[in-house]
Undergrad: 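Below is one structure. I have some questions about it.
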Amino acid sequence: MSLALRPYQTEAVRRVVRHFKTSSDPAVVVLPTGSGKSLVIAELARLARGRVLVLAHVRELVEQNHAKYEAYGLSADIFSAGLSRKDSARQVVFGSVQSVANGLEAFEGGDFTLLVIDECHRVAITEDTERASQYQRVIEHLRAARPDLKVLGLTATPFRLGHGAIYHRHYHGMVRGPEDAFFRDCVFEQPLRVMVRQGYLSEPVLIDAPIANYDFSHLVYGNRSAPSEAELNRVVQGNRATPRIIEDVLERARDRSGVMIFAATVAHAEEVLGYLPLDESALITGATPGDARERLIEAFKARQLKYLVNVSVLTTGFDAPHVDVIAILRPTQSVGLYQQIVGRGLRLAPDKKDCLVLDYAGNPWGLYEPELAAPKPAGDTELVQVTCPQCTFANMFWGKMDGDVLLEHYGRRCQGLVETETGKRIQCDYRFRFKTCPQCGAETDIAARQCHACQTLLVDADTKLRDALKLKDAKVLRVSGMELVATPNGRGMTRLKVVYHDEDGATLEEWFALDTGPQRHAFERAFLRAHRRVPGETWVPGSCEDMVARRDQVRAPDFVIARKVGRYWNIREKLFDYEGRFRTADSAS
């Protein structure tokens with residue numbers, strides 16, 4: 001029998017089929033929580049000509065996806081130790097990645113043509129074979145037998161913390177993730193906002209000012225996805241805010257049906273549970289035994305329990321449509337995880353009008369915003385739109401606004417896709433922020449170790465500083481201020497003098513003439529391209545006085561390196577966006 005798909009589900013299936021007819025590049029479909037990913041999976045499995053393996057990381061998802069497939073009169077196997085079944089003979093197999101990775105001998109023969117991965121943002125691919133993930137081992141095993149294996153990932157949150165999007169290209173014509181991303185293309189995306197507007201999901205109502213909250217602002221994440229449990233406990237354990245927070249949750253949930261509370265640690269969750277009605281509440285953690293976990297979840301779904309507290313579980317593979325309150329008592333640096341948590345309450349249910357989202361942890365994320373590869377800079381930054389002057393693509397970067405005026409942005413390279421003469425889509429090569437290769441003059445990424453044009457190895461900033469300080473005829477200034485002055489030179493002609501100051505009163509200067517078109521063009525290349533607060537703008541001052549009037553639109557470098565030529569200092573290099581370990585010029589010696 002045919003499956004009854006919603007319009008967006010039909011479009012997702014159509015785009016996947018069209019993509020795989022011409023390409024074997026791994027692809028992604030982005031569908032919000034509650035949008036029916038399992039139905040899309042079922043239809044694709046039904047249409048596939050060869051065998052299909054559908055992977056998930058938790059048994060609940062394996063069971064859900066399998067049940068949805070068989071609900072349409074279709075038969076499929078389950079390969080999951082957690083579900084006490086390891087069958088793999090039928091055309092379609094639903095498996096847990098752990099069980100399949102440990103039982104690859106059951107997936108021989110090269111007859112699997114399609115691999116579908118649910119919650120595919122969990123897929124990590126590494127060149128170190130000894131550290132290969134379970135997903136990678138399955139992919140490599142199936143590809144070894146069938147090199148043209150089609151790999152499709154589905155997720156509501158296509159991000160990985162610190163990496164941005166898990167795919168390279170988006171079908172809307174933009175680059176979202178790194179060039180070496182395993183998933184090459186996002187072939188379809190249904191935005192959460194559209195789902196809510198079309199009535200397919202409940203509206204999330206975010207309460208911005210709860211009665212009390214926790215202060216996690218001093219926690220240091222670094223390269224970790226989360227602070228340690230000890231660090232979190234120092235904030236939440238015994239915190240006087242906890243009873244007030246739970247009192248607020250109880251009050252706001254008085255006329256609500258189901259409340260999920262996401263705690264920071266196990267100790268915190270146990271304390272929270274103590275403030276909730278005993279006969280209406282339960283706690284689930286990673287240590288909760290499987291049978292007890294299932295019993296508590298079923299009681300919650302049956303509305304025998306109203307409050308369900310959990311710690312780092314139930315963010316995926318959990319379906320309780322009646323949930324209409326989400327209380328967040330934990331911090332997260334991942335907008336993806338934040339949206340997964342909120343997504344637990346967005347499914348439709350009878351008599352449910354919306355979902356109340358109570359954030360007591362001060363998380364900075366919006367309900368609809370994407371996650372960028374670049375971490376959010378400190379301060380009052382927000383997502384801003386920046387048009388590329390080369391291809392006119394509208395980029396989204398972190399930046400600072402003053403009303404409707406863009407003051408500064410931190411984008412590096414245009415995210416737009418442009419078509420080559422052969423019809424191939426590649427990333428636009430315009431760079432907003434860059435460093436220049438000393439060998440060939442090409443502009444390359446500020447963090448690059450090698451020139452992308454001539455392959456010359458690029459000297460890192462700390463090495464440049466150390467080398468310059470060893471020279472008797474070199475001067476290194478850590479810039480604390482930059483001054484622009486329109487002043488006459490020795491011949492009485494007005495010139496732009498740029499003065500760089502350090503904290504000890506030392507200075508370095510450079511001069512520019514802006515009288516003619518060629519002089520202004522040279523100034524744009526030599527100064528403005530690197531100094532603009534809003535890279536990508538095309539304005540060029542018409543005079544020295546004009547540039548002085550616009551001085552708030554240019555930024556100072558972090559370091560200036562000069563060499564002595566005769567009696568004068570000649571600025572040779574400026575270091576912007578410095579992320580090295582030397583806070584002062586002297587400390588680089």
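What's counted below: heavy atoms across the whole structure, side chains too, no hydrogens, waters or symmetry copies. Just so you know, residue 1 is the first one in the sequence shown, and it goes up from there. Treat the numbers as computed from the prediction; the structure is a model and nothing was measured.
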Undergrad: Given E524 and R520, is the salt bridge (charged side-chain N to carboxylate O under 4.0 Å, His left out) satisfied, shown in steps?
TA: CA-CA 6 Å; E524 199 277 336; R520 291 189 287 272; over 6 Å; no

Undergrad: Under 4.5 Å between any side-chain heavy atoms of T487 and C544, yes or no?
TA: no

Undergrad: From L358 CG over to I328 CD1, what is the distance, rounded to the nearest 0.5 angstrom?
TA: 8.5 Å

Undergrad: A side-chain contact here means heavy atoms from C-beta on lying under 4.5 Å apart; do L232 and R330 qualify?
TA: no

Undergrad: When you compare the side chain of H409 with that of M396, does any pair of heavy atoms fall below 4.5 Å?
TA: no

Undergrad: Can you check whether L152 reaches I117 side chain to side chain, under 4.5 Å on heavy atoms?
TA: no

Undergrad: What's the shortest heavy-atom distance between P32 and S35, and which atoms?
TA: O-OG, 2.5 Å

Undergrad: Could you tell me the separation between the CG atom of L154 and the SG atom of C120, rounded to the nearest 0.5 Å?
TA: 6.5 Å

Undergrad: For V418 and C391, which heavy atoms make the closest approach, and how far apart are they?
TA: CG1-CB, 3.8 Å

Undergrad: Determine which pairs satisfy side-chain hydrogen bond (donor to acceptor under 3.5 Å, both in side chains) with at least one residue from residues 556-566, sequence neighbours left out, and list them in order.
TA: D473-R563

Undergrad: Side chain to side chain contact (heavy atoms under 4.5 Å, CB included) between V554 and R533: does it pass, once the steps are laid out?
TA: CA-CA 5 Å; V554 293; R533 286 193 180 278; 5.6 Å; no

Undergrad: Hey, does R433 have a side-chain heavy atom less than 4.5 Å from the side chain of D577?
TA: yes

Undergrad: Checking T242 against Y214: is there a side-chain donor and acceptor pair closer than 3.5 Å?
TA: yes

Undergrad: Please list, chain by chain and in numerical order, all residues satisfying side chain to side chain donor-acceptor pair (under 3.5 Å) with Y167, sequence neighbours excluded.
TA: R176

Undergrad: For salt bridge (charged side-chain N to carboxylate O under 4.0 Å, His left out), just list the numbers for R14 and E11, CA-CA rounded to whole Å, side-chain angles, deciding distance to a tenth of an Å, and then say yes or no.
TA: CA-CA 5 Å; R14 187 183 71 82; E11 181 64 11; 2.6 Å; yes

Undergrad: Could you tell me which non-hydrogen atom of T33 sits nearest to which non-hydrogen atom of A156, and how far apart they are?
TA: N-CB, 3.5 Å

Undergrad: For the residue pair N570 and R572, establish whether any side-chain heavy-atom pair is separated by less than 4.5 Å.
TA: yes

Undergrad: Just verifying a value: how many Å separate L192 CG and L201 CG, rounded to the nearest 0.5 Å?
TA: 6.0 Å

Undergrad: Which heavy atom of P389 sits nearest to which heavy atom of G536, and what is that distance?
TA: CG-O, 3.5 Å

Undergrad: Once side-chain hydrogen bond (donor to acceptor under 3.5 Å, both in side chains) is applied, what residue pairs with a partner in residues 444-458 remain, sequence neighbours excluded?
TA: R412-D445

Undergrad: Under a 3.5 Å cutoff, is there a donor and acceptor pairing between the side chains of T507 and H501?
TA: no

Undergrad: Looking at E443 and R529, is any side-chain nitrogen of the basic one under 4.0 Å from a carboxylate oxygen of the acidic one?
TA: yes

Undergrad: Looking at every non-hydrogen atom in both residues, tell me the closest pair between A448 and K435 and how far apart they are.
TA: O-NZ, 2.8 Å

Undergrad: I would like to know whether E382 and V384 meet side chain to side chain contact (heavy atoms under 4.5 Å, CB included); could you show each step before the answer?
TA: CA-CA 6 Å; E382 58 185 284; V384 299; 4.1 Å; yes

Undergrad: Just checking H19 against Y171, ring centres under 6.0 Å apart?
TA: no

Undergrad: Under 6.0 Å from the CD atom of E140, do we count more than 12 heavy atoms belonging to anything else shown?
TA: yes

Undergrad: If you apply the rule salt bridge (charged side-chain N to carboxylate O under 4.0 Å, His left out), what do you find for D460 with K464, and how did you get there?
TA: CA-CA 6 Å; D460 67 82; K464 287 180 179 179; over 6 Å; no

Undergrad: Could you give the distance from OH (Y338) to OG1 (T332), rounded to the nearest 0.5 Å?
TA: 10.0 Å

Undergrad: Where do A474 and A468 come nearest, in terms of heavy atoms and distance?
TA: CB-O, 3.2 Å

Undergrad: Any chance you could measure F182, atom CZ, to Q136, atom CD, to the nearest 0.5 Å?
TA: 8.5 Å

Undergrad: Would you call the rings of F432 and F397 parallel, tilted or perpendicular, where under 30° means parallel and over 60° means perpendicular?
TA: perpendicular

Undergrad: Would you check if the distance from the ring center of F393 to the ring center of H172 is below 6.0 Å?
TA: no

Undergrad: Might you work through the salt bridge (charged side-chain N to carboxylate O under 4.0 Å, His left out) test for E179 and R184, ending with a clear yes or no?
TA: CA-CA 8 Å; E179 171 63 34; R184 305 307 301 151; 3.5 Å; yes

Undergrad: Out of the candidates R425, R413, H170, H168, only one should pair with V175 under the side-chain contact (heavy atoms from CB on, under 4.5 Å) rule; please name it.
TA: H168

Undergrad: What I'd like to find out is whether the side chain of N395 reaches to under 4.5 Å of the side chain of Q385, using heavy atoms alone.
TA: no

Undergrad: Would you check if there is a donor-acceptor pair between the side chains of Y500 and E510 at a distance under 3.5 Å?
TA: yes

Undergrad: Take F183 and H121 through the side chain to side chain contact (heavy atoms under 4.5 Å, CB included) test and state the conclusion after the steps.
TA: CA-CA 10 Å; F183 292 104; H121 56 275; over 6 Å; no

Undergrad: Backbone N or O of R244 within a donor-acceptor pair of the D248 side chain at under 3.5 Å?
TA: no

Undergrad: Check step by step if side-chain hydrogen bond (donor to acceptor under 3.5 Å, both in side chains) holds for S480 and D502.
TA: CA-CA 5 Å; S480 61; D502 74 1; 5.7 Å; no

Undergrad: Could you give the distance from CD (Q340) to CZ (F159), rounded to the nearest 0.5 Å?
TA: 9.5 Å

Undergrad: Are E503 and R478 close enough that some pair of their side-chain heavy atoms sits under 4.5 Å apart?
TA: no

Undergrad: So, R550 and D546, do they make that salt bridge, N to O below 4.0 Å?
TA: yes

Undergrad: Are any of the side-chain nitrogens in D515 or R495 under 4.0 Å away from the carboxylate oxygens of its partner?
TA: yes

